[in-house]
Every structure is written in C-alpha cells, then in structure tokens.
Amino acid sequence: MLLIAKISGLFSAAMVMVVLSPSLPSFPPAEAIRSSFRRSPVFRNADDCAAAAVGAGVCGRSLVHIAITLDGAYLRGSIAAVHSVLQHSRCPESVFFHFLVSDTDLEALVRSTFPDLRFRSYLFDPSVVRGLISPSVRQALEQPLNYARNYLAELLEPCVRRVIYLDSDLVVVDDVFKLWNTSLGLRTLGAPEYCHANFTKYFTDRFWSDPRLASTFAGRKPCYFNTGVMVMDLARWRRFGYTRRIERWMEVQRTDGRIYELGSLPPFLLVFAGHVAPIDHRWNQHGLGGDNVRGSCRDLHPGPVSLLHWSGSGKPWVRLDSNRPCPLDSLWAPYDLFGPNPQ
C-alpha cells in the first residue's frame, strides 16, 4: 500500500451471467479469454492467522467473505481483482469468494487459475430482474448480472452474515481484512461517501418536481456512494427486507415514469443514502476508467490508497492491449493473469 501511495504522489506531481453487449468496449471472444489465464502464485496464511478458518466450509469461523461477479466481458478484471486480494492479504486462505455467475462453466477456469482458492459460485437467474430493468444512459449498465448484488442476502448461505461486495474493475492494494473489520454500527451498509458530489444529478427533474418522491430524503442527509465497494450486513438486510425495498423503486421507475438514468445505482441511493456507515475514501479510489478516449485519463484523489477502481467506461486491460494506456493503468497490470503459463 505504501508503494502505491508513493506512486500516486509522483503522478499528482506530474499532473457474472455472460451477457455481451455491442456497446461494450471491444473484448476478445469469451471463449478465447477463458482458455488464456495462467496459474496464480500460491498464497499462504501467516502463522498468526486464525487456524479455525483453514479447511472449514463456507460457514467456517474467522472467514472473510467477498462477493464478485464473473462474466465473459469483465472476466479478466475479476481474475485480477481476486489476485490482488490474495496477494495483499496476511491471511489469504481465510478469504472465501462468492462468485455470482450465469455460466457455471467458469468454475473450471477459476479452479485452474487459483487451485487453492476457497469459493462457491451462485447461478443468477436473469429473469429475476429482467422485468424490472429500465434503459440506462449506458447499455452496459442494463445487464442483469449488474443487479445481482441486490440479491446477495438471498443467494448466499444464511450463515454468511456479512460480505464485502467488489466490482470487477478494481484491484485491492492493502489487506482486505482491514476493510472487513470496519464497524457498521447499526447500519446495514458501509461505503466511502462523497458528500461534495451533486446528489441531485442522480435523479431526473420529474423526481425532484414530485413532492411525494422528493420527500423520500426528508430528514436524511443523503450523499453519493459508489456501489462497487460495499460492506454489507446481510443479517440486518434479511431482517429488514432491503431486497424488496430496492425492487419497489425499480418498479416505480418502470411503471410511473423515469426518475433516474444510471442503472443499478439510484435504487441503492433511494434506500440507503443518508443511512450509510462511512468508510475511509482510501477504499475506493474510483473514476479511474474515465471515458476511454485520448486525453481522458484520471489522476488519483489526494490521500492514501487501499483500492484502485476503474469505474467509468474505460478499462485498463482494454487500454493496455490497444497500446493507449493511462498512467495509472500500469498499477493494474501486475495483477493481470491473462496469458499462457510460462514454459
């Protein structure tokens, strides 16, 4: 993490359903990607890691649970994200991954890339949300697997009472146990908040002009947060029925007219904004994707870095392959396992 922080300073001074969409950046065919990952190095627990977690199942004590999607378009990013978590964790064998997929064939790829990884995959049925999804400003945001995070409380085993949700376009450069141990207090969800952002832009004029809708945030101090990095108390989520609350807002969008434009994010804001346990911004240095056009590269936000997130339409693997990388894409490259095993 210290190395990343130093690199950040240099830059500042200088300046899972397989759903492929034609609007996404140009990726190699999914079949080619699946057969082109080399094996990860082996990562072992330090001597002081909790022994109870080693060899236990999904309900084992002392496990850290991480959920992430696997799909053909972003598979390369997901594999890099997993690699980064393991590399920087003091207790990598105590991390349990929950992969949200619509293609169980991806299990074999994960097993061949990470032979010792502790994981389960969960088949997500797109019909669960297909009737609730409305058109978004970017077609990539309309993919059903993008909404699987809404259903983690139902998909994961009841013994999983807390989970970290991570997007597929990020790398962790610090020990994920630090994020896991974040106190949520009496909140159901924790995430870095950005209260300086213009919150009103996440909803349409129709939403704000309707007193009944706008009053949703009455008595709250809502701030924007990015749903690509969240710590979720699934026990509280189940108790208070938050999945259904999110679905109700998606139904309003579909039946009563457009109240937002940005895919799966606004329903989370409607339910949780103003009721989020704040997490240090170091855990989501987001927006590094920019617009994937020349001149749109982003720098890091000031401060320490524990997680780099290429949210936005530009992805580091696409820019690196096209020989048009942004400077910070070089920080993603060491975690990339795409390519054949060395002979």
>> With side chain to side chain contact (heavy atoms under 4.5 Å, CB included) as the criterion, how do F37 and R76 come out once you've worked through the C-alpha distance, each side chain's angles and the decisive distance to 0.1 Å?
In response: CA-CA 8 Å; F37 287 95; R76 190 168 168 185; 4.2 Å; yes

>> Does V101 form a side chain to side chain contact (heavy atoms under 4.5 Å, CB included) with D71? I'd like the steps, not just the answer.
In response: CA-CA 7 Å; V101 305; D71 73 289; over 6 Å; no

> Could you walk me through whether K315 and D329 pass the salt bridge (charged side-chain N to carboxylate O under 4.0 Å, His left out) check?
Replying inline: CA-CA 8 Å; K315 303 306 171 189; D329 294 345; over 6 Å; no

>> Walk me through whether F268 and L189 qualify under side chain to side chain contact (heavy atoms under 4.5 Å, CB included).
In response: CA-CA 10 Å; F268 265 85; L189 185 149; 3.9 Å; yes

>> Checking S121 against L106 for the side chain to side chain contact (heavy atoms under 4.5 Å, CB included) test, could you report, in this order, the C-alpha distance in whole Å, the side-chain angles of both residues, the deciding distance, and whether it holds?
In response: CA-CA 9 Å; S121 61; L106 293 176; over 6 Å; no

>> Using the rule given for side chain to side chain donor-acceptor pair (under 3.5 Å), can you reason through R149 versus T227, listing the C-alpha separation, both sets of side-chain angles and the distance that settles it, and then say yes or no?
In response: CA-CA 9 Å; R149 73 194 83 187; T227 54; 3.0 Å; yes

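Side-chain atoms of R38 come within 3.5 Å of backbone N or O of F338 as a donor-acceptor pair. The main-chain N or O of A81 is found under 3.5 Å from a side-chain atom of S84 such that the two form a donor-acceptor pair. Between the S40 side chain and the F114 main chain, no donor and acceptor come within less than 3.5 Å of each other. Listed for the R238 side chain is a donor-acceptor partner under 3.5 Å among the backbone atoms of A153. Counting only distance, with no hydrogens or angles, the side chain of R258 and the backbone of T204 share no donor-acceptor pair below 3.5 Å. Panel note: side chain D103, backbone D105; a donor-acceptor pair is recorded below 3.5 Å. For E261 (side chain) and Y202 (main-chain N/O), no donor-acceptor pair under 3.5 Å exists by modelled atom type. Side-chain atoms of D233 do not come within 3.5 Å of backbone N or O of R162 as any donor-acceptor pair. The main-chain N or O of G287 is found under 3.5 Å from a side-chain atom of R298 such that the two form a donor-acceptor pair.
Remark: the T243 side chain and the E154 side chain contain an N/O donor-acceptor pair separated by less than 3.5 Å. Checked by atom type, the side-chain pair N284/H309 shows a donor-acceptor distance below 3.5 Å.
C91 contributes atom SG, which lies 14.0 Å from atom CZ of F43 (distance to the nearest 0.5 angstrom). Rounding to the nearest 0.5 Å places CH2 of W310 at 8.5 Å from CZ of R319. Taking CG from D280 and OG from S306, the interatomic distance works out to 7.5 Å, rounded to the nearest 0.5 Å. Taking CG from L166 and CD1 from I164, the interatomic distance works out to 6.5 Å, rounded to the nearest 0.5 Å. Taking CG of N226 as the reference point, atom CD of E193 lies at 12.5 Å (rounded to 0.5 Å). Separating the CD1 atom in I246 from the CG atom in N150 is a distance of 4.5 Å, to the nearest 0.5 Å.
Cluster membership for L109 and V42, using ILVMFWY side-chain heavy atoms within less than 4.5 angstrom, is not shared. Note: the hydrophobic cluster containing F240 also contains L152 (ILVMFWY, side chain heavy atoms under 4.5 Å, direct or indirect links).
For an aromatic pair to be called close, the ring centres must be under 6.0 Å apart, and H301 with H281 fails this. Aromatic pair H196/Y224: centroids not less than 6.0 angstrom apart. Remark: aromatic rings of F96 and F119 are distant, center separation not under 6.0 Å. The aromatic ring centroids of F97 and H65 lie 6.0 Å or more from each other. Taking the six-membered ring for Trp and the full ring otherwise, the centers of Y335 and H88 sit less than 6.0 Å from each other. If you look at H98 and Y122, their ring centroids are closer than 6.0 Å.
Note on ring orientation: taking the six-membered ring where Trp is involved, the planes of W317 and W332 are tilted (angle from 30° to 60°). Using cut-offs of 30° and 60° for the angle between ring planes, the F217 and F199 rings count as perpendicular.
Counting non-hydrogen atoms of other residues, nucleotides and ligands closer than 6.0 Å to CZ of R245 gives a total above 12.
Taking each heavy atom of L155 and L123 in turn, the nearest pair found is CD2-O, 4.3 Å. Across all their heavy atoms, W208 and A214 have their closest contact at O-CB, 3.9 Å.
Look at R244 and E247 and you find a salt bridge, because one of the NZ, NE, NH1 or NH2 atoms lies within 4.0 Å of a carboxylate O, short of that distance. A salt bridge does not link D125 to R130: none of the charged nitrogens lies less than 4.0 Å from a carboxylate oxygen. Ion pairing between R118 and E93 fails under the 4.0 Å rule for side-chain N and carboxylate O. We find that E157 and R120 are joined by a salt bridge, their nearest charged nitrogen and carboxylate oxygen being less than 4.0 Å apart.
Evaluation of the salt bridge (charged side-chain N to carboxylate O under 4.0 Å, His left out) test over residues 202-217, restricted to residues two or more places apart or in two chains, returns D210-R212.
Under the 4.5 Å side-chain criterion, counting only non-hydrogen atoms from C-beta, P92 is not in contact with R44. In this structure, P316 and P325 have side chains that are not in contact, with every pair of non-hydrogen atoms separated by 4.5 Å or more.
With respect to R90, the side-chain hydrogen bond (donor to acceptor under 3.5 Å, both in side chains) criterion is satisfied by exactly one of N45, D48, D175: D48. When the options W249, F225, Y242 are evaluated for a ring pair (Phe, Tyr, Trp, His ring centres under 6.0 Å) with F272, the one that passes is Y242. For the side-chain hydrogen bond (donor to acceptor under 3.5 Å, both in side chains) with K178, the qualifying choice from T182, D174, N181 is D174, the only one to do so.
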